[in-house]
Every structure is written in C-alpha cells, then in structure tokens.
Number of protein chains: 2
Amino acid sequence: MAKTAGILLIGNEILSGKITDANAAYLCRELRVLGVEVRRITVIPDEVDLIAAEVRAFSSAYDVVFTSGGVGPTHDDVTIEGVARALGVAVVRHPELTGLLRQHYGERLNEAHLKMAEVPEGAELLGAESLRFPTIVMRNVYVLPGVPEIFRQKFDALKERFRDAPFHLCCVYVSMGEGTLADHLNELLAGHPDLMLGSYPEFSNPEYKVKVTLESKDRGYLDAAVGSFLDRLPKEAIVRVER
Amino acid sequence: MAKTAGILLIGNEILSGKITDANAAYLCRELRVLGVEVRRITVIPDEVDLIAAEVRAFSSAYDVVFTSGGVGPTHDDVTIEGVARALGVAVVRHPELTGLLRQHYGERLNEAHLKMAEVPEGAELLGAESLRFPTIVMRNVYVLPGVPEIFRQKFDALKERFRDAPFHLCCVYVSMGEGTLADHLNELLAGHPDLMLGSYPEFSNPEYKVKVTLESKDRGYLDAAVGSFLDRLPKEAIVRVER
C-alpha cells in the first residue's frame, strides 16, 4: 500500500474564480515523484466549521494532509482555528513564533500580527535554513500558506520526510481509438488486477490516438504487464513506448 | 441567498500529477459571472464507490452539481455508474445516444462504444446546435467530459440556465500591510456583516501591498460598505479603487 495524502485548499478567492490555484497541481506532481498517492483534493471557503469538518475527515483518512491558504493576520484567515477545532484542541500563542514576529516587525508588532503566532495546542514547528518562518504541523496535518512561492519553499524544505517506495510508470502511445482499445485494456486488467491503468484519448493529435499509462510500485509486476500488453496489441498500433 | 454549485472532478490523472486540471478554474470564473456561488470543488479517483458517495452528498448540498471526467468507453470511465448509484437508479442504454453513436461509428460500432450510450435511468439529454452529443443531466447533476475543449463547449451551450442575480465587486488596492489593515477590515465587517470581504497580500508588487475585495449581490449594500471603508482608511494608503 502506498502512503496516502489529502490536499485541502482553503480560499474564497479560488471558488469565486479570482485566482487559479497552482499549489494542488504542484503538490500532486511532487508527491507522485516521492511515491505518495494523493487520494483527494478539496477546495472550500474560509469558514471555520467547514475547515474543521474537512480536516477531521482528511486527518483520519490519509497518512498525511496538506492545507493551503487561510493563514495570515486578517478576518478571513481561519485555518489554524479550523485545524484546532478539528482535532479538539485549543488555539494558543507559540512563544517561538511570537519571538520571530517580534524580530521581524519590531515596534510595529500589533495584535493582528500576533495572530500569526497562533497554533493548535500541541503543534510542532518544523524549521529549515531556507525558511524565514517554520511550518506548523499538527499530528499529520501540515499547514501551508496559499502564496505559491512560499508554499513551495515550505514544501521543498520538508519533502524528504514523505518519501515512500517509488511508482514505476510506462506510457504506451497507440494509434487505435479507445473504443477498439477497450477490450485490450479489460483483458490486461483481468490478467494483472493490481496494475494502475489509465487511458487518455487525444482528439487532435496527429501522432497517436490514446496514451495508455501502466503503473505499479512493483517493477517486476509492471514489466510483466507491459510485456503482456505489447504482445496483445497489433504491432502497427504501437506508436511509441516510454519508460 | 445565491444559487450554489459544487464541482466534482473525477480522474486519477489529476491526482497523480499527470495533467493539470483547467476545468474547475474555468467553471469558477464562468459561474461567478453568472451570479452562482461555487461552494466546493473535490477531486477524486476513478472509483465508483467514491463517486457515488460524493455525487450523493453534492446533489443534496448544492443547487447544481457539475462532474468532469470519467465518461468514455474504457474501464476507468465509471462516472455514469457512480451518478446512477448515488441517486439510486439503474444504468440504462439511451436510444437517442445509441442512434447518435451508430451514425458516428457506422459499422465500426462495438460494445465499448455503446458504453457511451449509457445514462442513469431517468436522465435528461440536453442538446444544442453547437454540440455533437447532448449533455446528460440527472436531477441537478450535469455530467461533463474531462477534455477541456468539449467541457467548455458543453458548458457554454447550457450556461444561461444557471444565471442568477449578479455579484457586484469593488477592489481597493492599499499600500499598508495586512497587519495594519486588519483592524480596518474588522471594523468594516462589524458595520456590514453581510459583506463578502477578501484580503489578498502581494509580497513583491511595488504598486500596492494588499488587494481588498468587497462584494455583495445588493448594489446599495456594497456602495455603502465601500464608502465607509474608504472613509475609514488614511487617504495616502489608497492606491486605487476598481469597480
């Protein structure tokens, strides 16, 4: 079983079409390379009750959970409160974060800034040399900011801790349409039920009609499935094989 | 109360980082212009049980639901079965769709192609001149394909039926940081509790520090809130106002 992950994006600005999220796609690509299976992405508004319900569900369903957005000093930054409520703990001010904020803002430091020192009680802080502020982790929930540049810095600083056995992937590009290909795919799955098998048609590509993806964490299992698939296909239908 | 919508993206290829979805962002922008409030986006794998559970929850929570992906002739196209199971009906072959497929494929028509004639029992077909195939609608659930070009064609052909009272938006760009701005925003919300208020910092923009969005479906309510916000802010902090 692969390590699993859930991604929770928090932000009215995504749902109202004001910004296009880039963090989920980034995280999906990165986690795949690390061997982690993303099972769900959900986008919800900046509302404490919704955040609490989702975080609770995600935290028990997946090995790791990433939240993006809703951290900051204003009224619509309610992720920390949502995570705390989800896990049944209070929100407290963390002395280390208070110190960092005091260093950063100096005499300008006010109550709004100090909201950024709040954490769910019992949270861990994960720092790194590349980061100005550490990342807040509560049990298996990693609280990341919505700003893509900082989101990436924070994830990159942590990512090795998520590494699992890699996925092995083979792509087979074929010149037959999905309708004709379907039987081949069904037979392949019947013989290799644990194969992760995807079929993606291209309607305006002159080179091929369908990209077939075969994947497994077990290299030998994948190789056997690829062999049996290529044997099954008419030679002239195979445009290209990529491993 | 605005009309609400939920968007359900179905596809392993999104979760595994092989493709970046563009349909949800498109739909969020389009629905916002139509006056519809998107309350949730969820991305799940091509698994019937998961699809059924989500569609059931979405269909009762939101006025309209859009699914994207998982329609086609292969093993991983299980959206129709998921929608049927969600709403407690059987999957049946629709004579009109069978006819269209027969026209399109002629003698090449096979069982796999005919899978694309399947609908949840009781589904409506919504056709349009601009479309080759009609859109399948089951109660409040609109089943759309994952291929962005066809997704857009299908949505565009239908979109007028979703139109609701418009959202009115005003953006105020300010030169003060969020920490200083927070009190102004809180006071504004205290006086105008129904205002939709967003605060989006920019960390590397030389022109302004925060973009504040004020929104309402009630033009008078918005105007009053904008007036009171602009009165409250120090004049020199207001970079630009956009309506």
Side-chain angles (χ1 to χ4, degrees), chain A residues 7 9 12-21 24-25 27-33 37-46 50 72-77 105 108-113 115-116 147 149-150 167 178-183 185-186 189 196-201 203-204 213 215, chain B residues 7 9 12-21 24-25 27-33 37-46 50 72-77 105 108-113 115-116 147 149-150 167 178-183 185-186 189 196-201 203-204 213 215:
Chain A
I7 302 173
L9 308 179
N12 295 343
E13 69 278 21
I14 303 171
L15 296 168
S16 63
K18 291 188 187 68
I19 72 138
T20 299
D21 167 70
L27 209 45
C28 286
R29 287 191 301 271
E30 290 285 315
L31 288 170
R32 193 71 180 182
V33 171
E37 184 182 355
V38 177
R39 293 287 297 167
R40 181 182 294 256
I41 304 165
T42 295
V43 191
I44 50 171
D46 305 298
L50 283 178
T74 60
H75 66 285
D76 55 358
D77 295 312
Y105 288 104
R108 290 176 302 129
L109 187 72
N110 63 21
E111 279 300 306
H113 294 132
K115 194 177 162 200
M116 293 186 288
V147 177
E149 193 188 329
I150 313 178
F167 289 100
E178 273 198 314
T180 323
L181 188 65
D183 279 349
L185 298 175
N186 290 333
L189 271 184
M196 289 174 266
L197 180 64
S199 168
Y200 307 107
F203 295 108
S204 48
T213 61
E215 273 172 297
Chain B
I7 301 172
L9 308 179
N12 296 342
E13 69 277 21
I14 303 171
L15 296 169
S16 62
K18 292 189 186 68
I19 71 137
T20 299
D21 168 70
L27 209 45
C28 286
R29 287 190 301 271
E30 290 286 315
L31 288 170
R32 193 70 181 181
V33 171
E37 185 183 354
V38 177
R39 293 287 298 167
R40 180 182 295 256
I41 303 165
T42 296
V43 191
I44 50 171
D46 305 298
L50 283 178
T74 61
H75 66 285
D76 55 358
D77 295 312
Y105 287 105
R108 289 177 301 130
L109 187 72
N110 63 20
E111 279 300 307
H113 294 133
K115 195 177 163 201
M116 292 186 290
V147 177
E149 194 190 327
I150 314 179
F167 289 99
E178 273 198 314
T180 324
L181 187 65
D183 280 347
L185 298 176
N186 290 332
L189 272 184
M196 289 174 265
L197 181 64
S199 167
Y200 307 108
F203 295 109
S204 49
T213 62
E215 274 172 296

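Within every chain, numbering begins at 1; the chains are lettered A, B, ... in the order of the sequence lines, protein sequences first and strands thereafter.
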Minimum heavy-atom distance B:N110-A:G179, with the two atoms named: ND2-O, 3.1 Å

A:T74 versus B:L185, closest heavy-atom pair with distance: CG2-CD1, 3.8 Å

Among the listed options A:G198, A:P201, A:A112, A:P73, the residue most often paired with chain B at heavy-atom distances under 4.5 Å: A:P73

Leading residue by heavy atom contact count with chain B [cutoff under 4.5 Å; candidates A:A24, A:G72, A:S199]: A:S199

Between CZ on residue B:R29 and OG1 on residue A:T20, distance to nearest 0.5 Å: 5.0 Å

Interface residue of largest heavy-atom contact number with chain A, from B:V43, B:L27, B:D21, under 4.5 Å: B:V43

Lys/Arg-Asp/Glu bridge criterion (N-O < 4.0 Å) met for A:K18, B:E215: yes

Residue part contacting chain B, namely of A:I150, when any heavy atom lies under 4.5 Å: side chain

Most chain B-contacting option - heavy-atom pairs closer than 4.5 Å, from A:M116, A:M196, A:H75: A:H75

Distance (rounded to the nearest 0.5 Å) between A:I41 CD1 and B:I41 CD1: 10.0 Å

Contact winner vs chain B - A:E111, A:E13, A:E37, heavy-atom pairs under 4.5 Å: A:E13

Part of A:L50 lying under 4.5 Å from any heavy atom of chain B: side chain

Leading residue by heavy atom contact count with chain B [cutoff under 4.5 Å; candidates A:Y200, A:F203, A:Y105]: A:Y200

From B:T180 atom OG1 to A:H113 atom NE2, the distance as rounded to the nearest 0.5 Å: 5.0 Å

Contacting region of A:V33 [heavy-atom separation from chain B under 4.5 Å]: neither

Chain B contact via A:I44 - which portion, at a heavy-atom distance below 4.5 Å: both

Under 4.5 Å from a heavy atom of chain B, the part of A:S204 involved: neither

Pick from A:I14, A:L197, A:L189 with the largest number of heavy-atom pairs that fall under 4.5 Å of chain B: A:L197

